Number of protein chains: 2
Amino acid sequence: MKKTTSDPRSNDLIAALWDTEEHSWLPQLEAIDMPLGEVLFDSGDTLKYVYFPTTAVISLMYVLESGATAETAVVGHEGVVGISLFMGGESALNSAEVRIAGNGYRLKADTLMEEFQRCGAVQHLLLRYTQALLAQMSQTAVCNRHHTVDQQLCRFLLQSLDRLQGNEIAMTQELIANSLGVRREGVTAAATGLQKAGLIRYARGQISVLDREGLEERSCECYAVVRDKYEEVLSGTVDDAVCPLKADAPAAQR
Amino acid sequence: MKKTTSDPRSNDLIAALWDTEEHSWLPQLEAIDMPLGEVLFDSGDTLKYVYFPTTAVISLMYVLESGATAETAVVGHEGVVGISLFMGGESALNSAEVRIAGNGYRLKADTLMEEFQRCGAVQHLLLRYTQALLAQMSQTAVCNRHHTVDQQLCRFLLQSLDRLQGNEIAMTQELIANSLGVRREGVTAAATGLQKAGLIRYARGQISVLDREGLEERSCECYAVVRDKYEEVLSGTVDDAVCPLKADAPAAQR
DNA sequence: TGCGTTATGTGTGGTGGCGTACAGACAGGC
DNA sequence: GCCTGTCTGTACGCCACCACACATAACGCA
């Protein structure tokens with residue numbers, strides 16, 4: 001372990017748990033590459049690992065029978081991919097696909113489950129994170145119903161930006177279209193608009209965000225709502241995160 | 001307590017936990033009426049209770065700044081309202097509104113939390129249920145993106161039907177429109193179509209489903225996907241639901 | 001240098017749903 | 001009986017987005 005991107009603590013959840021007493025599992029984190037387009041798992045798969053992105057960004061995608069797709073949530077360094085595991089589902093709800101190449105860590109399913117079932121800080125934090133993910137999915141549902149492609153593109157860019165360093169996003173319009181569940185041409189139109197308004201610059205899969213505030217204004221409320229929810233849910237200190245019963249009763253009890 | 005609707009076991013989650021050793025909290029369930037339109041809590045509220053519907057049906061609604069609404073999930077006798085509580089959020093994500101009048105039970109937040117934190121059957125079952133709810137929300141997101149009002153109305157009616165006895169649904173088109181997040185006229189058009197096709201009969205807030213299978217065919221895949229997920233997740237026996245650590249340590253998950 | 005591949009811009013016509021407006025139809029209260 | 005509020009049906013113009021079809025432009029590699 002040397003620098004930021006190869007430090008597990010680049011993932012916020014891992015960072016939050018780094019100094020708790022329950023960290024025997026931390027050395028078992030396995031650094032991995034997450035190349036663009038890689039599918040971590042498909043809908044219905046049994047999970048062998050959970051994934052903690054650091055520089056990569058992962059889409060939770062749903063694929064309809066018709067082949068149409070839509071992203072239901074996005075996960076970056078603030079989160080973890082594979083919550084179905086500890087939520088007790090036999091199989092994954094969505095497929096998870098790398099949308100922005102980068103790095104991350106994975107942890108064996110067994111290892112995570114052992115920690116989760118101690119009913120301590122790990123469990124508490126993961127559940128809080130799941131709560132935020134729920135908020136994101138529910139907001140996505142509403143956003144898909146009521147907001148225009150233009151607004152959603154702004155939201156999408158902002159959500160991506162928050163999970164990256166700098167203000168460059170490497171992503172084609174085609175890929176964005178698949179994520180938003182709209183046609184590529186629709187994204188072209190919206191992106192052209194943003195470019196003309198001077199908010200972004202676009203060049204063959206490279207987007208430079210020139211005016212973040214402008215994007216925020218043009219975006220629908222969904223961006224801010226979800227961001228705030230993440231802050232609320234994940235800002236709880238790890239002290240808070242310790243299971244209240246743990247003090248007086250043995251941690252792993254019944 | 002006398003008959004079916006006034007037996008807490010009319011709620012599937014309660015029924016599943018009825019015979020476990022951890023049932024000291026069951027007598028604390030408080031029977032309540034859930035009249036049409038009642039708001040159990042609003043988005044952002046701190047939860048004082050969780051609610052177990054029996055005959056009532058509850059919508060988890062999101063209200064946008066513009067005033068537009070959309071349902072993100074629906075809960076009936078198969079579930080519980082107020083998951084934010086045990087997921088560790090300070091406040092509710094959505095508002096919860098009674099969409100079909102009926103009965104249910106409520107439980108004090110503190111009481112539920114105590115049981116949840118025992119890390120036993122209660123926790124396991126609630127998490128599995130939350131997983132199903134997540135599936136529903138994510139499916140709603142995709143459905144809102146890709147499916148027509150016509151398809152969604154079918155899904156909506158089927159989901160309502162599953163939570164009721166008989167084949168009568170008491171609901172105005174206005175209310176359905178608010179749930180689906182579309183105009184009332186859109187619902188009128190779709191409902192007229194269903195009526196002409198002989199699938200339903202409509203009369204001033206009373207819908208009779210005449211051909212359930214027809215509705216299923218006309219519905220989008222979302223209905224079946226979510227239904228199956230609920231079955232998968234909630235069919236796990238309560239034995240499965242007991243925390244593996246409880247028996248003794250290494251029994252950890254499958 | 002040239003050619004295929006990938007990424008983006010544009011155009012035309014069709015459709016689903018929206019906003020608005022209004023008309024009939026039924027129910028319940030007086 | 002009548003009246004009023006609620007519920008449902010219909011119509012018109014509009015816009016966002018779709019499906020399909022092409023044109024253009026940049027890059028990457030032989």
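All chains are named by letter (A, B, ...) in the order of the sequence lines, taking the proteins before the strands, and each is independently numbered beginning at 1. Note: hydrogens, waters and symmetry copies are ignored here, and every other heavy atom, side chains too, is used. Here the structure is a predicted model, which is why all the values come from computation and not from measurement.
- Shown here are the side-chain contact (heavy atoms from CB on, under 4.5 Å) partners of A:A68, two or more places apart in sequence or in another chain: A:L64, A:S66, B:H146.
- Contact between the side-chain N/O atoms of A:Q173 and the OP1/OP2 oxygens of C:dG9 is found at a separation under 4.0 Å.
- Using a 4.0 Å cut-off between charged nitrogen and carboxylate oxygen, A:E213 and A:R218 do not count as a salt-bridge pair.
- At a cut-off of 3.5 angstrom, counting only N and O atoms as typed in the model, there is no donor on one side facing an acceptor on the other between the side-chain of B:R184 and the base of C:dG19.
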For nucleotides 26-30 of chain C, list the nitrogen or oxygen atoms of the protein found under 3.5 Å from its nitrogen or oxygen atoms, one pair per line.
{"residue": "C:dC26", "atom": "O2", "partner": "B:R204", "partner atom": "NH1", "Å": "3.4"}
{"residue": "C:dC26", "atom": "O2", "partner": "B:R204", "partner atom": "NH2", "Å": "3.2"}

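- Map A:A191 and B:G186 each onto its nearest nucleotide of DNA chain C; the residue landing nearer the 5' end is A:A191.
- A search for side-chain contact (heavy atoms from CB on, under 4.5 Å) contacts involving A:V63 returns A:T69, not counting sequence neighbours.
- Distance, B:Y202 OH to D:dC7 P: 10 Å, rounded to whole Å.
- For A:Q136, the side chain to side chain donor-acceptor pair (under 3.5 Å) partners two or more places apart in sequence, or in a different chain, are A:Y230.
- Nucleotide D:dA16 holds its C1' atom 15 Å from the NE2 atom of A:H146, rounded to whole Å.
- At the heavy-atom level, B:G205 lies under 4.0 Å from the strands shown only through sugar-phosphate atoms.
- With rounding to whole Å, B:L180 atom CG is found 15 Å from C:dG16 atom C1'.
- Residue contacts for A:T172: at a heavy-atom cut-off of 4.0 Å it reaches the sugar-phosphate backbone alone, with no base atom in range.
- For B:L153 and C:dG16, the CG to P distance is 16 Å, given to the nearest whole Å.
- Looking at residues two or more places apart in sequence or on another chain, you find a side-chain contact (heavy atoms from CB on, under 4.5 Å) between B:V50 and B:F52, B:V80, B:L85, B:L107, B:L112.
- A cation-pi geometry, defined here as NZ or CZ lying under 6.0 Å from the six-membered ring centre and within 45° of its normal, does not hold between A:R106 and A:Y51.
- Here B:S59 pairs with B:E71 under the side chain to side chain donor-acceptor pair (under 3.5 Å) rule; sequence neighbours left out.
- In this structure, B:E174 places its CD atom 11 Å from P of D:dT6, rounding to the nearest Å.
- For the side-chain hydrogen bond (donor to acceptor under 3.5 Å, both in side chains) condition, the pairs that include at least one residue of residues 183-200 of chain B, sequence neighbours left out, are B:Q173-B:T188, B:R184-B:T188.
- Not counting sequence neighbours, the partners of B:R155 by the side chain to side chain donor-acceptor pair (under 3.5 Å) test are B:Q159.
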Shorter than 3.5 Å, N or O on both sides, protein versus nucleotides 11-13 of chain D: list them out with atom names.
none

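- The CE-C1' distance, from A:M171 to C:dT6, rounds to 17 Å in whole Å.
- If you check every strand for non-hydrogen atoms under 4.0 Å, A:T148 touches sugar and phosphate atoms only.
- Regarding A:L175, its CG atom lies at a distance of 14 Å from the P atom of C:dT6, rounded to whole Å.
- Relative to the side chain of A:V182, the nucleotides D:dT8, C:dA7, D:dC18 differ in distance, and D:dC18 lies closest.
- Separating the CZ atom of B:R201 from the C1' atom of D:dC7 is a distance of 17 Å, rounded to the nearest angstrom.
- The side chain to side chain donor-acceptor pair (under 3.5 Å) search around B:S208 returns B:E168, not counting sequence neighbours.
- The residue among A:R145 and A:A189 whose nearest nucleotide of DNA chain C is located toward the 5' end is A:A189.
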Verdict with reasoning, B:Q139 to A:Y62, per side chain to side chain donor-acceptor pair (under 3.5 Å): CA-CA 8 Å; B:Q139 198 75 33; A:Y62 190 95; 3.1 Å; yes

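- In terms of the side-chain contact (heavy atoms from CB on, under 4.5 Å) criterion, residue partners of B:L158 (sequence neighbours excluded) are, by chain and number, B:R212, B:L215, B:E216, B:S219, B:Y223.
- Contacts between residues 192-199 of chain B and DNA chain C, defined by a heavy-atom separation below 4.0 Å, involve no residue at all.
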